[in-house]
2 protein chains.
Amino acid sequence: MSNNVTFTEKLRSSGLRPTKQRIEICKLLFNRANTFHFTINDLNKLLNKTSEKKISLATIYNTVHAFKKKGYLKEISINSERSYFDTNVTNHHHFFDESNNELIDLDNKYVEKITISKSLPGKKIKSVEVLVKVANNN
Amino acid sequence: MSNNVTFTEKLRSSGLRPTKQRIEICKLLFNRANTFHFTINDLNKLLNKTSEKKISLATIYNTVHAFKKKGYLKEISINSERSYFDTNVTNHHHFFDESNNELIDLDNKYVEKITISKSLPGKKIKSVEVLVKVANNN
DNA sequence: AATTTAACTTATAATGATTCTAAACTAGTG
DNA sequence: CACTAGTTTAGAATCATTATAAGTTAAATT
Ligand SMILES: [Mn+2]
Ligand SMILES: [Mn+2]
Ligand SMILES: [Zn+2]
Ligand SMILES: [Zn+2]
C-alpha cells in the first residue's frame, strides 16, 4: 500500500469498503518507510492529531481487527500491559526495549539460522520467532 | 521448593507469611516434576477441586503477583487472550501449541546458540527467547 | 439519477478480567 | 496474653474491549 488510490483499490479488492475512516487509517499506518508498531491507544491519539474529523474509538477497534483479519496487520504480545499491532505481517524477530516499551523489528538477516533439535509428535511448526529484551545501559 | 515445611521456610525467608492459602497454592504449583504453565483461571479452577476451603479469587491474584514479584513465577505473554504464568523462572524457550493453547518448555539444550549480528546503541540485552508456534498436523 | 441494500460508523451500554477497598482475621513478637 | 503488621476476603470500582442498534454511506440495481 502506498497512496490513496492504491488504498482504495486494496481495500475494495479484499472486500472492505474504502470509507474515509479506513483510508485515513491506512495513510497513517502504511504510508511509511519503516514498519510501524503501535497500540490501539497510540493509534487513537495519532488520529486525534492527524485527522480532520474525529474517528470514533469503536471504528478504530473495528478497523484494526478488520485489517488484522485480512492480513494487513499482525498482533504481537510482549507483556500483559499492552498489546501491539505490527504493519510487518511476516514471521520476524523483535527487540523489545523495556526502557520505553518500544518494539523494534529485528530483521531475519541479523539472526543466524535457528536450529531446534526437538519436535513435538503430531505437531507442525507454524513460526519461529525470537524476542530480545533490552534496556538502557546502567 | 518441595514439601510443606520447605514452603513455610521459603516463604518466611522471602518476607511472606506462610498462610495456609499460600502453602496450598505452593503445593499445587511447585510439588511437580515438571514446569507448570497456567493462567489465573486455570489455577482458580484447580484450587476449587483440590482445596478444602475455598480460596478467594482476590487471594489468588494477590498470591500469584506476590510470587512473581519474589521471583518464584514468571509471566509469559503469548497472545492477547490469555496471560500465562510459569514456574520456570529462568530465561528459556517455548513451544506454543495453538491447537489447545498449551505452553511447553523448550529446553535451551535443544536450541542451537542464537547469534544476533545487530545491536542497539546504549542498550544492553536482558534476554533472548524463542517462541515456536505449532499446531496439529493436517 | 433515483432506489434499494448491505456495509459501515458511531454514541452509548454492556461485559468481564483485574484491581481496589476496607473490614475481619491471623501470624509472629515479646 | 496482648499487640502489630500482614493477609484474606466479599464486594465495589475500574477500564479496556466488545456489543447494540440507530443513523449514514458505498455501491449495486433499476
Ligand atoms: Mn483484540
Ligand atoms: Mn497481572
Ligand atoms: Zn515487527
Ligand atoms: Zn516455561
Donor-acceptor pair, side chain of [X] and main chain of [Y], under 3.5 angstrom:
X: A:Thr63; Y: A:Ile60; result: no
X: A:Asn41; Y: A:Asn44; result: no
X: B:Thr35; Y: B:Asn88; result: no
X: A:Ser99; Y: A:Asn136; result: yes
X: A:Arg22; Y: A:Arg17; result: yes
X: B:Ser14; Y: B:Leu11; result: yes
X: A:Asp42; Y: A:Thr39; result: yes

Separation of [N] [atom2] from [X] [atom1] (nearest whole Å):
X: B:Phe85; N: C:dA17; atom1: CZ; atom2: P; value: 15 Å
X: A:Glu81; N: D:dT17; atom1: CD; atom2: P; value: 12 Å
X: B:Phe67; N: D:dT7; atom1: CZ; atom2: P; value: 11 Å
X: B:Leu57; N: D:dT8; atom1: CG; atom2: P; value: 13 Å
X: B:Lys69; N: D:dT7; atom1: NZ; atom2: P; value: 11 Å
X: B:Leu11; N: C:dT26; atom1: CG; atom2: P; value: 18 Å
X: A:Lys68; N: D:dT17; atom1: NZ; atom2: P; value: 12 Å
X: A:Ile55; N: D:dT25; atom1: CD1; atom2: P; value: 14 Å

So for atom NZ, which belongs to B:Lys118, do other residues, nucleotides or ligands contribute more than 12 heavy atoms lying within a distance under 6.0 Å?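 Atom NZ in B:Lys118 is crowded, with more than 12 foreign heavy atoms closer than 6.0 Å.
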Tell me what [X] touches on the nucleic acid: a base, only sugar-phosphate, or nothing, going by heavy atoms under 4.0 Å.
X: B:Arg82; answer: nothing
X: B:Asn41; answer: nothing
X: B:Lys54; answer: sugar-phosphate

Those residues of residues 13-23 of chain B lying under 4.0 Å from DNA chain D by at least one heavy atom: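 Those residues are B:Leu16, B:Arg17, B:Thr19, B:Gln21, B:Arg22.
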Single-linkage hydrophobic cluster, 4.5 Å side-chain cutoff, A:Leu103 and B:Ile78 together: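 A:Leu103 and B:Ile78: separate clusters.
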Does A:Tyr72 share a hydrophobic cluster with A:Phe36, counting links as ILVMFWY side-chain heavy atoms below 4.5 Å and allowing steps through other members?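 In one cluster with A:Tyr72: A:Phe36, yes.
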Summary of protein contacts for nucleotides 11-16 of chain D, nucleotide by nucleotide, where a base hit scores B, a sugar-phosphate-only hit scores S (4.0 Å, heavy atoms): -----S
Which heavy atom of B:His92 sits nearest to which heavy atom of B:Glu129, and what is that distance?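 Here B:His92 and B:Glu129 meet closest at N-OE2, 3.1 Å.
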Contact summary for A:Asn137 and B:Lys124, nearest pair of heavy atoms: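 Looking at all heavy atoms of both residues, the closest pair is OD1-CB, 3.2 Å.
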For B:Ser56 and D:dT8, is the shortest distance between a side-chain N/O and OP1 or OP2 below 4.0 Å?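 Checking B:Ser56 against D:dT8: no side-chain N or O falls below 4.0 Å of OP1 or OP2.
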Between A:His65 and D:dT17, does any side-chain N or O lie under 4.0 Å from OP1 or OP2?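 Answer is no, no contact under 4.0 Å.
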Residue closer to the 5' end of DNA chain C, B:Ser83 versus A:Thr59 (nearest nucleotide):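 In this pair, the answer is A:Thr59.
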Report the end-to-end axis angle of the helix from C:dA1-D:dT30 to C:dG30-D:dC1; each axis comes from five terminal pairs, and the value is rounded to 10°.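 Angle reported: 30°, given to the nearest ten degrees.
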Choose from C:dT9, D:dT9, C:dT18 the nucleotide whose nearest atom is closest to any side-chain atom of B:Asn62.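 Selected nucleotide: D:dT9.
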